[in-house]
Amino acid sequence: MTVIATLIAFTALPASAAPLPAGTQAPDFTRPSLDGKPVTLSAARGKLVLLDFWASWCAPCIVELPHLIDLQKRYRGRLQVIGVSMDDRKSNAVDAMKHHPVNYPVVMGDAPLGKLYGGVLGLPEIYLIGRDGRIVRSWRGDMRPAELDAGILAAPR
Amino acid sequence: MIRACLAALLMMLALPALAQPGSAPTIPKSVLIQPKELASLLTSGPKPTILQVGFRVMYDEAHIPGAIYAGPAGKDDGIAALKIAAESIDKGKQVVIYCGCCPWDHCPNIAAAWRTLTDLGFTQLKVLYIPQNFGADWVEKGYPVVKG
């Protein structure tokens with residue numbers, strides 16, 4: 001039975017990996033932050049959330065960190081940035097955070113969490129989630145920091 | 001705000017310098033294979049051996065049918081894993097490597113993998129050209145994948 005289930009799960013098929021569309025309820029999760037505190041996405045309900053899928057090996061992701069730090073500072077109380085490291089090893093994410101400390105929680109991601117978000121099959125990928133927990137929009141690949149600002153300002157109040 | 005912009009600008013200026021030695025753009029165009037071409041090879045003709053030389057989390061989410069996980073070649077332990085995977089492959093057989101973790105110019109793995117396999121003597125080596133990432137350039141195009 002297990003063998004059959006595994007075979008089915010690994011059957012080759014055309015699949016979608018598009019980011020979840022606007023209006024979709026953002027899949028909730030609770031994961032420990034890199035320093036061990038529980039982080040629950042839905043606990044930020046009432047604020048905008050920037051969910052940043054990143055990794056230590058992703059140069060464009062590292063470039064975006066100062067801007068995310070700045071956004072967390074500027075929109076404190078109205079916006080919560082949450083980083084999701086897609087590193088294979090937690091130690092790589094921890095090392096990266098030592099070199100680029102951030103002012104928001106970072107949790108470890110994995111394949112199941114990536115799949116919940118439509119398949120995180122390339123970085124960077126950032127979701128803007130509305131105060132009601134629904135996805136407002138997303139960005140994948142190289143992006144300009146000003147796009148994040150514009151997205152936040154255009155988000156429903 | 002200004003400091004954040006300046007920091008981002010400085011990092012962006014530094015990126016090309018970081019990406020120069022061994023970066024994906026250094027791979028000769030003659031060894032690149034386009035996603036469409038590889039997808040058609042999978043359905044007809046002799047299937048190449050395919051190695052994924054990126055990150056495990058991404059491989060576990062989805063990969064090309066038959067692709068062997070060989071480890072992130074941008075890291076020493078990834079190179080070691082790639083060499084082990086390569087031991088059982090005929091060096092004269094067509095081999096395709098791919099990563100797709102991030103935009104081509106920033107990929108930390110693919111050039112290192114290409115160089116390693118070339119140095120090992122693989123003569124029919126091809127590199128899958130993934131301009132943005134595996135999700136956008138392979139999965140969303142409807143090419144076959146295995147979801148873990």
Side-chain angles (χ1 to χ4, degrees), chain A residues 6-19 53-74 84-89 92 100 108-125 140-146 149, chain B residues 1-16 18-19 23 39 42 54-66 71-72 74-75 77-78 99-109 130-148:
Chain A
T6 305
L7 282 172
I8 291 169
F10 279 84
T11 299
L13 51 111
S16 76
F53 287 92
W54 71 285
S56 62
W57 39 260
C58 166
C61 302
I62 300 298
V63 165
E64 287 166 4
L65 292 178
H67 194 64
L68 293 172
I69 292 167
D70 181 59
L71 290 173
Q72 180 65 84
K73 199 187 299 177
R74 268 197 291 144
V84 180
S85 167
M86 297 301 277
D87 280 287
D88 288 343
R89 294 180 188 158
N92 292 336
H100 309 282
M108 288 304 294
D110 52 22
L113 185 60
K115 283 197 267 187
L116 275 181
Y117 277 81
V120 180
L121 293 170
L123 296 176
E125 184 161 319
R140 180 188 269 182
D142 283 330
M143 53 159 295
R144 296 178 190 284
D149 293 76
Chain B
M1 172 67 181
I2 293 169
R3 282 168 61 186
C5 288
L6 279 173
L9 182 65
L10 284 172
M11 293 180 86
M12 285 170 92
L13 289 172
L15 271 181
L18 291 172
S23 69
L42 294 177
F55 298 96
R56 183 87 215 189
V57 169
M58 304 258 164
Y59 178 87
D60 286 347
E61 277 195 67
H63 55 266
I64 297 173
K75 295 174 181 289
D77 52 355
C99 178
C101 68
C102 37
W104 180 255
D105 289 0
H106 302 303
C107 181
N109 298 311
I130 299 181
Q132 268 303 312
N133 58 59
F134 184 64
D137 299 315
W138 184 272
V139 183
E140 282 178 40
K141 302 281 186 195
Y143 301 139
V145 296
V146 174
K147 285 190 156 187

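Basis for what follows: all heavy atoms, side chains included, without hydrogens, waters or symmetry-related copies. Below, read A as the first sequence line, B as the second, and so on, with proteins coming before strands; counting in each chain starts at 1.
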Pick from B/Cys102, B/Cys101, B/Ala62 with the largest number of heavy-atom pairs that fall under 4.5 Å of chain A: B/Cys101

Working to the nearest 0.5 angstrom, can you tell me the gap between A/Leu121 CG and B/Trp138 CH2? 13.0 Å

Selection from A/Asp88, A/Ile69, A/Leu71 maximising heavy-atom pairs under 4.5 Å formed with chain B: A/Asp88

What distance separates B/Phe55 CZ from A/Ser56 OG, expressed to the nearest 0.5 Å? 7.0 Å

Would you say that A/Ile62 contacts B/His106 through its side chain, given a criterion of any heavy-atom pair below 4.5 Å between the two side chains? no

Taking every heavy atom of A/Gly122 against every heavy atom of B/Asn133, the minimum-distance pair comes out as CA-CB, 3.4 Å

So do A/Arg140 and B/Glu140 actually touch side chain to side chain, heavy atoms under 4.5 Å? yes

Could you tell me whether the side chain of B/Pro72 reaches within less than 4.5 Å of the side chain of A/Trp57, counting heavy atoms only? no

Quick check: does any side chain N or O of B/Glu61 sit under 3.5 Å from a backbone N or O of A/Val120, one acting as donor and the other as acceptor? yes

Could you work out, with salt bridge (Lys or Arg N to Asp or Glu O under 4.0 Å) as the rule, every residue matching B/Asp137, not counting sequence neighbours? none

Given a strict heavy-atom distance threshold of 4.5 Å, which part of B/Lys141 is in contact with chain A: side chain, backbone, both, or neither? neither

Is there a side-chain contact between A/Arg89 and B/Arg56 (heavy atoms, below 4.5 Å)? no

Using heavy-atom distances under 4.5 Å, tell me whether A/Asp110 contacts chain B through its side chain, its backbone, both, or neither. backbone

Residue, of A/Gly114, A/Cys61, A/Ala55, A/Pro112, that accumulates the most heavy atom pairs under 4.5 Å with chain B: A/Gly114

Identify the two heavy atoms, one from B/Pro103 and one from A/Leu123, that lie closest to each other, and give their separation to 0.1 Å. CD-O, 3.4 Å

At a heavy-atom distance under 4.5 Å, which candidate from A/Met86, A/Lys73, A/Lys115, A/Glu64 has the highest pair count against chain B? A/Lys115

